[in-house]
Amino acid sequence: MDLSDLYRDVIVDHNRSPRNRGRLPSATHHAAGDNPLCGDRLQLDVELSGDEIRDLRFECSGCAISTASASLLSEAVKGKSREEAAEIFGAVHRMLTGEPADVAALGKLAALAGVREFPARVKCASLAWHTLNAALAGGRDPVTTE
Amino acid sequence: MAAAREAAVALDVARLRAGFPVLERRINGRPLAYLDNAASSQQPAAVIDAVAGYARAHHANVHRGVHTLSQEATALYEGAREKVRGFVNAASAAEVVFVRGTTEAINLVAQSYGRARVAAGDEIVVTRLEHHSNIVPWQLLAAQAGATLRVVPIDRRGAVDFEAYLALLGPRTRIAAFAHVSNALGTVLPAADFVAAARERGIATVVDGAQAVPHMGVDVQALGCDFYAFSAHKMYGPTGIGVLYAREAVLAEMPPWQGGGDMILTVSFEGSTWNTLPHRFEAGTPNVAGAVGIGAAIDYLGSIGIERIAAHEAGLLEYATARLAGVDGLELVGTAPAKSSLVSFTVAGVHPHDLGTVLDSRGIAVRTGHHCAMPVMEFFGIPATTRASFGLYNTREEIDALVDALGEAIGMLR
């Protein structure tokens with residue numbers, strides 16, 4: 001077990017200084033993520049303009065992995081279309097669950113690749129992504145990855 | 001006198017550790033430092049061998065056979081029951097019901113005693129400290145009966161105010177249920193006082209002793225409680241078996257819990273009759289191997305002396321509390337004057353999850369999360385704590401390793 005594989009510099013940085021933190025008054029879509037058993041919680045505000053994710057913000061309280069994942073997500077999907085965001089989600093999901101994935105093509109998100117060696121933490125990393133899906137789908141119930 | 005002399009002879013921890021096979025393991029290249037005893041304790045070879053020995057040479061179904069193996073198995077099972085009786089000083093073996101664990105014991109009380117005694121408008125008193133197993137069964141009962149839960153508050157130290165408890169014991173209170181020792185915070189309740197106050201008012205008492213029996217001598221007659229529940233796997237025994245102690249006068253009036261074989265005397269479609277105590281509450285083939293295991297665990301603890309274990313663990317608690325005070329940004333959660341041997345804490349800027357993962361990479365097993373005590377976490381406004389809980393085989397060196405690893409985690413993540 002190599003901890004530096006899990007807590008890569010990018011992860012530690014995004015946990016210490018999460019990007020796009022806060023609420024978004026102009027949000028058109030919203031979802032909450034909650035893993036009650038481990039205590040990771042997330043609120044995601046998304047402003048969709050047509051098909052484009054114009055802006056997004058998140059509030060979260062949780063572990064370094066869930067926070068960093070949300071922060072990396074926010075950078076990765078801002079300015080992307082729904083379809084592009086869905087593709088990125090698919091690639092991240094495959095990477096986290098150990099399926100073959102084009103990790104290099106994921107840019108900074110590749111920092112999450114180490115999580116698959118720590119199965120107990122996969123749900124931490126995937127919470128933000130499932131929450132984004134729910135926000136885009138207009139779902140009402142909080143999302144959980146437990 | 002003898003107890004004081006016993007306590008004065010310090011535990012030979014190195015020798016004791018040699019009796020626990022799992023402590024040989026290396027985790028992620030480091031020696032295992034098992035600091036999660038409140039979640040479950042490890043078993044000594046003496047217990048493992050007793051359970052295996054049963055399966056190797058003495059197993060058969062109990063209570064119904066005339067053949068030799070059946071009689072041996074029955075003797076071992078009932079022999080274990082008598083050991084449990086002695087362990088908690090119950091007046092009679094008829095007061096010792098074997099169950100799966102503390103959770104099942106409390107559910108049994110709620111559904112058998114509670115359903116018959118608690119009616120609409122009645123009240124059940126619990127404390128905010130409780131493990132979910134001593135909350136949810138009462139919530140289920142309250143919903144069934146139309147009763148209400150009243151919750152005794154805790155203070156910022158994690159102590160339960162006795163006056164606040166008294167104030168909640170009212171004319172409609174039927175049951176007072178509380179933990180002898182809090183699993184999340186380590187708070188030790190003055191259980192005898194709590195029981196006495198309830199008894200005076202004709203209120204039944206249910207004590208969750210899961211976190212007490214591994215660490216202190218428990219005398220249910222001296223306590224005076226109606227019910228006392230505990231689990232084998234928290235006291236160096238196997239999983240899958242626990243005990244409900246119930247005062248005979250109370251148990252005798254309770255309707256059956258589960259129906260089936262062994263809890264009956266006769267069965268016919270015109271009506272069935274129930275077995276004597278405690279068998280009336282043990283339907284089906286019991287966990288005989290588990291009973292052998294808890295019996296062996298009791299023998300093991302008796303061979304060491306619970307007072308000596310308590311003294312050793314008090315030393316560990318003191319040492320851990322002092323060392324953790326030196327960790328920058330660490331705050332203890334649970335600082336009641338009377339505490340059992342565990343420390344629950346938060347570390348500023350580092351989530352318990354991340355702490356737990358770093359500690360695991362260093363071979364240190366602690367528990368992070370809400371510890372099945374969400375109301376406690378809610379009171380302190382935190383999602384989780386990191387908890388290190390000590391047992392008879394833990395050492396100061398392991399506490400040093402914990403503190404070092406905490407430093408590493410903080411350096412890596414804060």
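Within every chain, numbering begins at 1; the chains are lettered A, B, ... in the order of the sequence lines, protein sequences first and strands thereafter.
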Contacting moiety of [X], where chain A heavy atoms sit under 4.5 Å:
X      : result
B:V358 : both
B:T368 : neither
B:N28  : side chain
B:M377 : neither

Run through B:E398, B:R396, B:E397 and flag the one making a side chain to side chain donor-acceptor pair (under 3.5 Å) with B:N394. B:E398

Taking non-hydrogen atoms and a cut-off under 4.5 angstrom, which of residues 55-71 of chain A neighbour chain B? A:G62, A:C63, A:A64, A:I65

Electrostatic pair [X]:[Y] at N-O distance under 4.0 angstrom:
X      : Y      : answer
B:D36  : B:R387 : yes
B:R414 : B:D354 : no
B:E408 : B:R362 : yes

Find out whether the Lys NZ or Arg CZ of B:R128 is both under 6.0 angstrom from the six-membered ring centre of B:F379 and within 45° of the ring's axis. no

Would you please test B:E104 and B:R100 for salt bridge (charged side-chain N to carboxylate O under 4.0 Å, His left out) and show each step? CA-CA 6 Å; B:E104 183 163 73; B:R100 266 188 334 152; 3.8 Å; yes

Can you say whether the rings of B:H370 and B:H132 are parallel (under 30°), tilted (30 to 60°) or perpendicular (over 60°)? tilted

Taking the six-membered ring for Trp, are A:H130 and A:F89 parallel (under 30°), tilted (30 to 60°) or perpendicular (over 60°)? perpendicular

Check whether A:R121 gets within reach of chain B through its side chain, its backbone, both or neither, counting any heavy atom under 4.5 Å. side chain

